[in-house]
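Okay, so here's the structure we're looking at.
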Number of protein chains: 2
Amino acid sequence: MTTAPVAGTAPRASSRGRTRLANDAWEAALGAHTALMRRFTEDDVWDGLSMRDYDVLYTLSKCDAPQRLSDLGRHVMLSQPGLSRLVDRLVERGLVGRCADPTDARAAHLSLTDEGRALQRRVGRAHGASVAAALTARLSDEELALLESLSRKLSLPDDDLPEETP
Amino acid sequence: MTTAPVAGTAPRASSRGRTRLANDAWEAALGAHTALMRRFTEDDVWDGLSMRDYDVLYTLSKCDAPQRLSDLGRHVMLSQPGLSRLVDRLVERGLVGRCADPTDARAAHLSLTDEGRALQRRVGRAHGASVAAALTARLSDEELALLESLSRKLSLPDDDLPEETP
DNA sequence: GCCGATTATATGCGTTCGCATGTAACTAAC
DNA sequence: GTTAGTTACATGCGAACGCATATAATCGGC
């Protein structure tokens, strides 16, 4: 069923094979990311937002408490100055509100404005439908759950890794 | 074999649940992509190349025949003008060679120079090791194979999709 | 309470990007 | 052959990016 080598071969697969396996998997994953991102980018659902804009609005929409810039930075693939200016633009467009943190004068509290929340919801509905259409056409429910599980494992930081060689 | 829900359960599983499953999986996959890309970007293995530069060199290294720009464009997440100028820079740096296509005067044939090939190999070895370290620390062999298999399915174009509702 | 280290964010600057569009070559119908 | 349409790539231009660095506030010894 799987693409695993035939049972009975090298009981402790050569590290070479394991390296190869990992690199092939990563290359395939990159290909999938590119194909899907391209598809979603071309969708006509963004309403003036870039996908990065949406990423920030979506991240903010998931948090009750206002977020700081550095918190957003953990989720978005963007440099700190890049994120700073991206948020600037969203504030200027009235989609994100920034107010001073009373407990830390360095930080700013960021949150969605009503308009930002409405836009995120509108775009999110359409984008979510497109994501579902693309993924459900290619993977079964079991496979979707598996993809999520594998992705979560890949997201683990170097700490809390399941140890292997004690 | 098909993507039908487990026999006996809600004969037509709520489309809501399936949509949710797909969106959760995509969100997790994006998180994994971000975490790993950040990690790999921070690696000290690039030797003056951006990851996009490397992507182009790697793609060229896999092809015997010289490639056209539009062929590269299918693999790289970049607009056509963006790729055109990226290749310009690689040519200027002596890493990529471009020569006229005798059968089509519009197109250019791109290939690695010796220097480009050497650089790609050097960087590729180090990057490949980093990729393997990150992935094998988080996934078993079976999981790596599974990730590759799922990723390939996700990369399928809209044509040749396994049909579902005849 | 003072001072070096660290953290949170912003800004200057040169590079790179995407969009719109341009140019040139191929294709096909007549 | 002429011409309309398409394909392959390049270029002008304004927006966005990353790197280095600045600014300002907090934290930790002492």
Side-chain angles (χ1 to χ4, degrees), chain A residues 34 37-44 46-57 59-60 63 65-93 95-111, chain B residues 34 37-44 46-57 59-60 63 65-93 95-111:
Chain A
T34 298
M37 287 295 279
R38 201 188 295 278
R39 176 194 187 91
F40 296 145
T41 300
E42 284 166 1
D43 278 340
D44 188 25
W46 298 106
D47 209 343
L49 293 176
S50 72
M51 217 180 292
R52 277 180 172 167
D53 293 335
Y54 176 74
D55 198 0
V56 167
L57 297 189
T59 302
L60 285 176
C63 310
Q67 294 290 106
R68 352 175 95 206
L69 207 51
S70 46
D71 297 325
L72 288 181
R74 271 179 271 285
H75 296 287
V76 183
M77 186 69 193
L78 199 60
S79 69
Q80 177 268 315
L83 182 57
S84 177
R85 279 191 261 242
L86 171 52
V87 168
D88 278 351
R89 293 190 295 271
L90 294 175
V91 170
E92 221 145 329
R93 288 164 72 176
L95 302 172
V96 166
R98 95 193 320 154
C99 58
D101 181 337
T103 78
D104 186 342
R106 295 168 302 179
H109 277 168
L110 303 173
S111 56
Chain B
T34 297
M37 286 298 277
R38 201 189 295 280
R39 176 194 187 91
F40 298 144
T41 300
E42 284 165 2
D43 278 340
D44 189 26
W46 298 108
D47 209 342
L49 294 176
S50 72
M51 217 181 292
R52 278 183 179 170
D53 293 337
Y54 176 74
D55 198 359
V56 167
L57 297 189
T59 302
L60 284 176
C63 310
Q67 296 289 105
R68 350 174 98 207
L69 251 191
S70 46
D71 297 326
L72 288 180
R74 272 179 269 286
H75 295 286
V76 183
M77 185 69 193
L78 199 60
S79 68
Q80 177 267 316
L83 181 58
S84 177
R85 280 190 263 240
L86 172 52
V87 167
D88 278 350
R89 294 191 294 270
L90 293 174
V91 170
E92 221 145 328
R93 288 163 72 175
L95 301 172
V96 167
R98 93 193 321 154
C99 58
D101 181 338
T103 78
D104 186 342
R106 295 168 302 176
H109 277 169
L110 303 172
S111 56

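Below, chains carry the letters A, B, ... as their sequence lines are ordered, and counting in each starts from 1. FYI, side chains are in, hydrogens and waters are out, and symmetry mates aren't considered; it's all heavy atoms of this structure.
Nearer the 5' end of DNA chain C, as judged by each residue's closest nucleotide, is the contact made by A/A107, out of A/T41 and A/A107. Both B/T103 and B/G82 lie close to DNA chain C; mapped to their nearest nucleotides by heavy-atom distance, the more 5′-ward contact belongs to B/G82. Between B/D88 and A/P81, the residue anchored nearer the 5' end of DNA chain D, judged by the nucleotide with its closest heavy atom, is B/D88.
For the pair B/M51 CE and D/dC17 C1', the computed distance is 15 Å after rounding to whole Å. Taking atom CG of residue B/L83 and atom P of nucleotide D/dC9, one finds them 9 Å apart after rounding to whole Å.
In this structure a side-chain-to-backbone donor-acceptor pair under 3.5 Å is present from B/R38 to A/V76.
Taking every nucleotide of DNA chain C with any atom under 4.0 Å from a non-hydrogen atom of chain A, the first and last of them, 5' to 3', are C/dT7 to C/dC13.
A salt bridge does not link B/R106 with B/D101: none of the charged nitrogens is closer than 4.0 Å to a carboxylate oxygen.
In terms of phosphate contacts, B/R98 brings a side-chain nitrogen or oxygen within less than 4.0 Å of OP1 or OP2 of D/dA10.
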Worksheet entry | A/L95 and A/R89: CA distance, side-chain angles, deciding distance, side chain to side chain contact (heavy atoms under 4.5 Å, CB included) verdict | CA-CA 9 Å; A/L95 302 172; A/R89 293 190 295 271; over 6 Å; no
Discussion item. Before you tell me yes or no, could you show the steps for A/T34 and B/R74 under side chain to side chain contact (heavy atoms under 4.5 Å, CB included), namely the whole-Å CA-CA distance, both residues' side-chain angles and the distance that decides it to 0.1 Å?
Written reply: CA-CA 9 Å; A/T34 298; B/R74 272 179 269 286; over 6 Å; no
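Residue contacts shown for B/R85 include a base, since a base heavy atom lies under 4.0 Å away.
Shown here for A/F40 and A/W46, the closest heavy-atom pair between the two residues is O-NE1, 2.9 Å.
The stretch residues 66-80 of chain A touches DNA chain D through A/L78, A/S79, each having a heavy atom within less than 4.0 Å of the strand.
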